Amino acid sequence: MTRKRTALGGLMLAAATFGTWWAWLGWDTGYTVDPETGATTGPYAAWQVAGCVLTLALLAAVGGWLLDPWVVVPVMTVAFTVAWAAHAASTDDTGLWAVGAVLVLVGTAAGTAVVSVGARLLRRRRTG
């Protein structure tokens with residue numbers, strides 16, 4: 001794989017990962033309060049998170065098929081974590097966004113590693 005292809009693929013993957021955050025989560029900032037219990041939920045609905053995770057899994061699979069997982073994992077992890085953390089930091093007065101950012105970083109890294117390595121192994125098995 002050439003350096004140019006790797007760099008271009010990494011840039012495209014970073015843009016797609018950031019776009020995934022924006023499309024599923026970036027626009028929703030509202031919280032919902034249950035009038036009976038007073039419990040607050042949000043800002044994301046379960047369907048938004050599920051859609052985001054499935055989209056990220058698809059990106060990681062395609063990325064792992066076309067690029068080296070050593071490129072896919074850090075690119076997707078950094079792009080998604082930075083997008084999430086920048087938004088969270090700008091809307092959080094408690095400082096707990098940093099804890100969330102660490103959890104997003106670890107979860108994104110683990111998920112993209114499993115999916116991209118799995119896709120790479122499947123590709124080797126089918127073409128090798």
Side-chain angles (χ1 to χ4, degrees):
M1 187 177 321
T2 67
R3 290 175 118 170
K4 186 176 180 179
R5 178 178 172 209
T6 299
L8 182 59
L11 285 172
M12 290 174 60
L13 186 59
T17 301
F18 181 84
T20 297
W21 171 82
W22 181 254
W24 289 105
L25 307 176
W27 53 270
D28 195 353
T29 58
Y31 287 83
T32 304
V33 178
D34 185 327
E36 292 182 19
T37 64
T40 303
T41 59
Y44 314 124
W47 65 268
Q48 288 174 281
V49 175
C52 185
V53 169
L54 291 173
T55 305
L56 290 172
L58 178 64
L59 287 175
V62 171
W65 190 272
L66 299 174
L67 301 167
D68 193 310
W70 288 106
V71 173
V72 175
V73 175
V75 165
M76 288 187 69
T77 299
V78 169
F80 194 81
T81 303
V82 166
W84 186 91
H87 178 72
S90 71
T91 60
D92 179 31
D93 296 332
T94 66
L96 288 175
W97 70 268
V99 175
V102 170
L103 295 174
V104 167
L105 181 112
V106 170
T108 305
T112 57
V114 168
V115 174
S116 65
V117 168
R120 176 50 55 121
L121 292 174
L122 183 62
R123 178 181 178 191
R124 283 187 182 165
R125 187 174 231 195
R126 296 188 101 205
T127 61

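What you see below is based on every heavy atom in this structure, not just the backbone, and it leaves out hydrogens, waters and symmetry mates. Just so we're clear, the structure is a prediction, and the values are computed from it rather than from any experiment.
There is a path of hydrophobic side-chain contacts, each under 4.5 Å, that joins Trp22 to Leu56. Cluster membership for Val62 and Leu8, using ILVMFWY side-chain heavy atoms within less than 4.5 angstrom, is not shared. Criterion: ILVMFWY side-chain heavy atoms under 4.5 Å apart, direct or through other members. Under it, Leu54 and Trp47 are not part of a common hydrophobic cluster. No path of Ile, Leu, Val, Met, Phe, Trp and Tyr side chains, each step under 4.5 Å between heavy atoms, connects Leu59 with Val115, placing them in separate hydrophobic clusters. Val75 and Leu67 fall within the same hydrophobic cluster, defined by Ile, Leu, Val, Met, Phe, Trp and Tyr side-chain heavy atoms under 4.5 Å apart, directly or through other members.
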With a cut-off of 3.5 Å and sequence neighbours excluded, list every side-chain donor-acceptor pair involving residues 91-100.
unit_1: Thr91; atom_1: OG1; unit_2: His87; atom_2: O; d: 3.2
unit_1: Thr91; atom_1: OG1; unit_2: Ala88; atom_2: O; d: 3.3
unit_1: Asp92; atom_1: OD1; unit_2: Thr94; atom_2: N; d: 3.0
unit_1: Asp92; atom_1: OD1; unit_2: Thr94; atom_2: OG1; d: 2.7
unit_1: Asp92; atom_1: OD2; unit_2: Thr94; atom_2: OG1; d: 3.1
unit_1: Asp92; atom_1: OD2; unit_2: Gly95; atom_2: N; d: 3.1
unit_1: Asp92; atom_1: OD2; unit_2: Leu96; atom_2: N; d: 2.9
unit_1: Asp92; atom_1: OD2; unit_2: Trp97; atom_2: N; d: 2.8
unit_1: Thr94; atom_1: OG1; unit_2: Leu96; atom_2: N; d: 3.1

Which atom pairs, one a donor and one an acceptor, fall under 3.5 Å between side chains of residues 10-21 and the rest of the protein, sequence neighbours left out?
unit_1: Thr17; atom_1: OG1; unit_2: Leu13; atom_2: O; d: 2.7
unit_1: Thr20; atom_1: OG1; unit_2: Ala16; atom_2: O; d: 2.8

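Closest of all the heavy-atom pairs between Thr112 and Ala109 is OG1-O, 3.3 Å. Smallest separation of non-hydrogen atoms from Val73 and Ser116: CG2-OG, 3.7 Å.
Trp70 is linked by a side-chain contact (heavy atoms from CB on, under 4.5 Å) to Asp68, counting only residues two or more places apart in sequence or in another chain. By the side-chain contact (heavy atoms from CB on, under 4.5 Å) test, Val117 is found to be paired with Pro69, Leu121, residues two or more places apart in sequence or in another chain being considered. The side-chain contact (heavy atoms from CB on, under 4.5 Å) search around Trp65 returns Leu122, Arg123, Arg126, not counting sequence neighbours. Qualifying side-chain contact (heavy atoms from CB on, under 4.5 Å) partners for Val104, counting only residues two or more places apart in sequence or in other chains: Phe80, Thr81, Trp84, Thr108.
Residues in residues 50-61 take part in these side chain to side chain donor-acceptor pair (under 3.5 Å) pairs, two or more places apart or across chains: Trp24-Thr55.
The side-chain heavy atoms of Arg120 and Val72, taken from C-beta on, include no pair separated by under 4.5 Å.
Other cluster members for Val78: Val82, joined by side-chain heavy-atom distances under 4.5 Å among Ile, Leu, Val, Met, Phe, Trp and Tyr.
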